[in-house]
Peer 1: 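Sharing a structure below in structure tokens format, with a few things to ask.
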Amino acid sequence: MVEEKPLPFQYQFAAGAIAGVSEILVMYPLDVVKTRVQLQTGAVTGDTYNGMVDCFRKIIKNEGFSRLYRGISAPILMEAPKRATKFAANDEWGKVYRKMFGVNQMNQSLSILTGATAGATESFVVVPFELVKIRLQDKASAGKYKGMVDCVVKTIRNEGVLTMYQGLESTMWRHILWNAGYFGCIFQVRQMLPQADTKSGKMTNDLISGAVGGTVGTILNTPLDVVKSRIQNTPKVAGQIPKYNWAFPGVATVFKEEGFGALYKGFLPKVLRLGPGGGILLVVFTTVMDTFRQWQTRQCPSEL
């Protein structure tokens, strides 16, 4: 398969931003449900969610449909830099690794390595937004915060500014595993699919590749995502060591106290979001990049 010449960083960043906002607008309610299920601990009660459908039903019945979009301001603001960083960092790190290893084109191993590094890069951008989103999505915080800005102000005032980066380590592991699975699978699935000569065929291939990549990435990183949600939703108390503090010890705690299944709490809404969502991301990103290439070709035909 012939690789298209990469566009400059600003084009990759803009395409990633557009792709990210498109995906979040379509799939956000599933993220709310995923977070609610992941934060559940303790005994089963009448308010406990028994699964994705039950969670949807109880949120709409008890809190109203608009609650499914509670906290979306933080993800919307996050999605542009987050997804832009994801795709731009993946392309830029790809250049670095191809040069480092003396390889002209990407291969499976480099795709996994590049994706993992891009995930680590991306995590530094998303942590504060993720923390605000988690706290706004939690049912227990329904009356605690008036919105995104109020959540930021109260978190910093009560727990300190460094709390905005609480969960950085677990977020980094979550993004390393997801991006490695996502970009590694995209490369492999694209190689396996029949080469498409039409625009619709290419979009179909991208949708399939992205959906498979998103699904595999989700299978790999869900235990770290469960722990990350709990770390970020735990208020800091002076002199007290939080129950969930570091990624892999947190995974061990969940496994010991709640069993292996608890490590995949919220998996169904998460995979339904990030499987198809991964396809949407790739299709929109590729389509926007193709549009930029066409503009560049018309303006500066000798540069491409």
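Note that the structure is predicted; figures quoted are calculated from it, not measured. Atoms considered below: every heavy atom in the structure, side chains included; atoms not considered: hydrogens, waters and symmetry mates.
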Peer 1: Taking atom CG of Asn50 and atom CD of Gln40, what is their separation to the nearest 0.5 Å?
Peer 2: 8.0 Å

Peer 1: Report yes if the side chains of Tyr182 and Leu282 come closer than 4.5 Å at any heavy-atom pair, otherwise no.
Peer 2: yes

Peer 1: Between Asp138 and Arg135, is there a salt bridge with N-O shorter than 4.0 Å?
Peer 2: no

Peer 1: On a heavy-atom basis, which atom in Val254 and which in Ala262 lie closest, and how many Å separate them?
Peer 2: CG1-CB, 3.6 Å

Peer 1: Given the rule in the side chain to side chain contact (heavy atoms under 4.5 Å, CB included) test, do Arg293 and Met289 qualify, once you have shown the distances and angles that lead to the verdict?
Peer 2: CA-CA 6 Å; Arg293 285 192 180 92; Met289 287 291 280; 3.8 Å; yes

Peer 1: Taking Val132 as the starting point, is it possible to reach Val126 by hopping between hydrophobic residues whose side chains are less than 4.5 Å apart?
Peer 2: yes

Peer 1: Please give me the minimum heavy-atom distance between Pro29 and Val26, naming the atom from each residue.
Peer 2: CD-O, 4.3 Å

Peer 1: Is there a path of hydrophobic side-chain contacts, each under 4.5 Å between heavy atoms of I, L, V, M, F, W or Y residues, that connects Ile186 with Phe285?
Peer 2: yes

Peer 1: Within the 4.5 Å heavy-atom criterion, are Lys202 and Thr286 side-chain neighbours or not?
Peer 2: no

Peer 1: Are Leu272 and Leu68 grouped together when hydrophobic residues (ILVMFWY) are joined by side-chain heavy atoms under 4.5 angstrom apart?
Peer 2: yes

Peer 1: Roughly how far apart are Phe124 CZ and Met172 CE, rounded to 0.5 Å?
Peer 2: 3.5 Å

Peer 1: Just to verify, which of Val127, Thr35, Leu168, Val227 counts as forming a side chain to side chain contact (heavy atoms under 4.5 Å, CB included) with Gln232?
Peer 2: Val127

Peer 1: Would you say the side chain of Val283 lies within less than 4.5 Å of the side chain of Asp206, judging by non-hydrogen atoms?
Peer 2: yes

Peer 1: Identify the two heavy atoms, one from Thr215 and one from Gly275, that lie closest to each other, and give their separation to 0.1 Å.
Peer 2: OG1-CA, 3.6 Å

Peer 1: Please check: side-chain N/O of Asn233 versus main-chain N/O of Ser229, any donor-acceptor pairing under 3.5 Å?
Peer 2: no

Peer 1: Using a strict threshold of under 4.0 Å (side-chain N to carboxylate O), is an ion pair present between Lys133 and Asp31?
Peer 2: yes

Peer 1: Answer yes or no: is there a donor N or O on one side and an acceptor on the other, between the side chain of Arg190 and the main chain of Asn205, under 3.5 Å?
Peer 2: no

Peer 1: Once rounded to the nearest 0.5 Å, what's the spacing between atom CD1 of Ile18 and atom OG1 of Thr287?
Peer 2: 10.5 Å

Peer 1: Quick one, Lys265 with Glu258, criterion side chain to side chain contact (heavy atoms under 4.5 Å, CB included). Give me CA distance, side-chain angles, the key distance, then yes/no.
Peer 2: CA-CA 11 Å; Lys265 280 186 173 181; Glu258 303 173 53; 3.1 Å; yes

Peer 1: I would like to know whether Leu220 and Trp178 meet side chain to side chain contact (heavy atoms under 4.5 Å, CB included); could you show each step before the answer?
Peer 2: CA-CA 7 Å; Leu220 291 174; Trp178 197 88; over 6 Å; no

Peer 1: Given the rule in the side chain to side chain contact (heavy atoms under 4.5 Å, CB included) test, do Thr155 and Met164 qualify, once you have shown the distances and angles that lead to the verdict?
Peer 2: CA-CA 8 Å; Thr155 299; Met164 297 304 298; 4.0 Å; yes

Peer 1: Under 4.5 Å between side-chain heavy atoms, counting indirect links through other Ile/Leu/Val/Met/Phe/Trp/Tyr residues: same cluster for Val153 and Met148 or not?
Peer 2: yes

Peer 1: Taking Asn221's backbone N and O only, do any of them form a donor-acceptor pair with Asp225's side chain (distance below 3.5 Å, no angle check)?
Peer 2: no

Peer 1: In Å, rounded to the nearest 0.5 Å, how long is the span from OG of Ser111 to CG of Asn179?
Peer 2: 12.0 Å

Peer 1: Without placing hydrogens or testing angles, list every side-chain donor-acceptor pair under 3.5 Å for residues 243-253, not counting sequence neighbours.
Peer 2:
{"from": "Lys243", "atom 1": "NZ", "to": "Glu257", "atom 2": "OE1", "distance (Å)": "2.7"}
{"from": "Tyr244", "atom 1": "OH", "to": "Arg230", "atom 2": "NH1", "distance (Å)": "2.9"}
{"from": "Thr253", "atom 1": "OG1", "to": "Pro249", "atom 2": "O", "distance (Å)": "3.0"}

Peer 1: Any chance you could measure Leu274, atom CG, to Lys34, atom NZ, to the nearest 0.5 Å?
Peer 2: 7.5 Å

Peer 1: Are Val284 and Met27 co-members of a hydrophobic cluster defined by side-chain heavy atoms under 4.5 Å apart?
Peer 2: yes

Peer 1: Where is the tightest heavy-atom contact between Glu159 and Pro235, given as atom of each residue plus distance?
Peer 2: OE1-CA, 3.3 Å

Peer 1: To the nearest 0.5 Å, how far apart are CG in Leu281 and CD in Glu23?
Peer 2: 5.0 Å

Peer 1: Could you tell me whether the side chain of Asp290 reaches within less than 4.5 Å of the side chain of Lys199, counting heavy atoms only?
Peer 2: no

Peer 1: Please state whether the rings of Phe267 and Tyr264 are parallel, tilted or perpendicular, taking 30° and 60° as the class boundaries.
Peer 2: perpendicular

Peer 1: Among Thr117, Thr114, Thr121, exactly one meets side chain to side chain donor-acceptor pair (under 3.5 Å) together with Trp93. Which residue is that?
Peer 2: Thr121

Peer 1: Please examine the side chains of Asp54 and Arg57, heavy atoms only from C-beta on, and report whether any two atoms are closer than 4.5 Å.
Peer 2: yes

Peer 1: Going by heavy atoms in the side chains, are Leu110 and Arg98 under 4.5 Å from each other?
Peer 2: yes

Peer 1: Return yes if some donor-acceptor pair links the side-chain N/O of Thr222 with the main-chain N/O of Ile219 below 3.5 Å, else return no.
Peer 2: no

Peer 1: Quick one: closest heavy-atom pair of Leu193 and Ser209, and the distance?
Peer 2: CD1-OG, 3.8 Å

Peer 1: Work out which heavy atom in Gly147 is nearest to a heavy atom in Leu136; give both atom names and the distance.
Peer 2: O-CD2, 3.9 Å

Peer 1: Under the 3.5 angstrom rule, does the side chain of Lys228 hit a backbone N or O of Arg174 as a donor-acceptor pair?
Peer 2: no

Peer 1: Backbone N or O of His175 within a donor-acceptor pair of the Glu122 side chain at under 3.5 Å?
Peer 2: no

Peer 1: If we ignore hydrogens and angles and just use 3.5 Å, is the side chain of Thr163 paired with the main-chain N or O of Gln166 as donor and acceptor?
Peer 2: no

